[in-house]
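Structure first, commentary second.
Numbered from 1 within each chain, the chains take letters A, B, ... in sequence-line order. Remember, predicted model here, so these are calculated numbers, not experimental data.
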Number of protein chains: 2
Amino acid sequence: MVKPATLRKSEVTRRNILAEASASLRRLGLERLSVASLMGSLNLTHGGFYAHFKSKDDLAAEAVTYAFDEISATMVKATEGRSPREALIAAIDQYASLESRNCVEKSCPSTSLANDAPRFPSLARERFAEGLERFPARIERLLREIGHEDPRRAARSAVSELLGAMIVARATLDTDSASDILLVSRDAVKKRLGLL
Amino acid sequence: MVKPATLRKSEVTRRNILAEASASLRRLGLERLSVASLMGSLNLTHGGFYAHFKSKDDLAAEAVTYAFDEISATMVKATEGRSPREALIAAIDQYASLESRNCVEKSCPSTSLANDAPRFPSLARERFAEGLERFPARIERLLREIGHEDPRRAARSAVSELLGAMIVARATLDTDSASDILLVSRDAVKKRLGLL
DNA sequence: CATAAAATATGATGAGCATCATATTATTGA
DNA sequence: TCAATAATATGATGCTCATCATATTTTATG
């Protein structure tokens, strides 16, 4: 029997697991993400999981990359067709938005998983370290395009601040304070990049 | 029988548990910190734990505050007797040092636990939110002393960047890159605060 | 030294977990 | 419709964990 063109059934399931895992991972962290509840949220049972992934560690590695791919796509959508300058502003506003604070599962994995990453299984850890570089690389590129004198350092500094602000905002109980923390950092970053 | 002056025995043990928990918490996160292994590392057995703490949640709340107290003391030691300007520089260098990156259990809990804080049991979460404000408050005070025009925002921006840089540095596999990330942010912060 | 009380240890319970062997159901090609 | 195969479900195993009731050891006082 030759491979039928409709080997796709399980491919779809696999993809669904991955998408759900990528969201749950950000919401719950790797420890609290259980195979059984993950499958359950797709109306599947735990056993079938191992037909799609070798192990939970394997899933973790794939889900990390999947999450970074998702946020990259979001970022592209938010910036495409704009001038470098406008793209920078949009990127900053999108990365450190209040909506991102309140919706962890759609936001950048860096902001929700960075603390756990050093304890990730090794492949997931590597994938995370790769993904972590995507945003600063993008900012650096845009800064270079507008002729910034030190794009590398400026991008690093900007990304560290935006990421830090998001993490602090999420750990802050009062919503108004959290919102202010994000606003202050978006403004501070834009200002020193000459975008205001 | 009147309370003997030497009721202290269990007080000492309690304190040891707390100190060990405060370090392990930062190293492992709350999930991976197990009561049995915590007690084991003090050469005690798991059962005795409940003579000192009502529950693991109770310990978590106390350990969070204990950790913030420890880092506050470190910060005081690093800055005491200095001019506000010199104190600011010392505070920045200590907070975002490479040593802190490599020794999580002695560094600021904000940098190791912020991601988990939203999932902490409620009292621990409140305690964390309190502790989180200590460092920005200190920086703001120092900035006010040197006559900064907007100490509140400047302190917020600085702390977000330093915290973000530490988290990124820890998630970065290459040690040289990690070291550079910290250096870039320490410099960027000092520069815009007029400390260089 | 003897005894009361404090401090700590033992062992059990029940829950949640990743994983896997095996069974069942769904789908496809003849 | 029927058989082959893919997809998913069931149930079990062995682990780690928080918690607690109870037992033992240590300490300090008379």
| message | What is the distance, to the nearest angstrom, from the CZ atom on F53(A) to the C1' atom on dA7(D)? | response | 15 Å

| task | Could you check whether the rings of F128(A) and F120(A) sit parallel, tilted or perpendicular, using 30° and 60° as the cut-offs? | result | perpendicular

| request: Quick one, give me the B/S/- string for nucleotides 10-19 of chain C, reading 5' to 3', where B means a protein heavy atom under 4.0 Å from the base and S means that only happens at the primed atoms, P, OP1 or OP2. | output: BBB----SSB

| task | Quickly work out the H52(A) NE2 to dA9(D) C1' distance and round it to whole Å. | result | 12 Å

| remark: From CE of M39(B) across to C1' of dA7(C) the rounded distance in Å is 10 Å

| Hey, quick one: are L163(A) and L132(B) part of the same hydrophobic cluster, counting side-chain heavy atoms closer than 4.5 Å, chains of contacts allowed? | yes

| message | Categorize D58(B) for me: base, sugar-phosphate, or nothing, with a 4.0 angstrom heavy-atom threshold over every strand shown. | response | nothing

| message | To the closest 0.5 Å, what do you measure between CG (L173(A)) and CZ (R125(B))? | response | 4.5 Å

| query | Has S10(B) got a side-chain N or O lying under 4.0 Å from the OP1 or OP2 atom of dA6(C)? | reply | no

| query | Should C108(B) and R26(B) count as side-chain neighbours, where that means a heavy-atom distance under 4.5 Å? | reply | no

| request: Measure the distance from CZ on R14(A) to C1' on dA6(D) and round it to the nearest whole Å. | output: 16 Å

| field | Atom-pair distance (CG on L42(A); C1' on dA7(D)), nearest Å | value | 15 Å

| field | Smallest separation among heavy atoms of Y50(A) and S55(A), with atom names | value | CE2-CA, 4.0 Å

| With hydrophobic residues grouped by side-chain heavy-atom distances under 4.5 Å, do V104(A) and L30(A) end up in a single group? | no

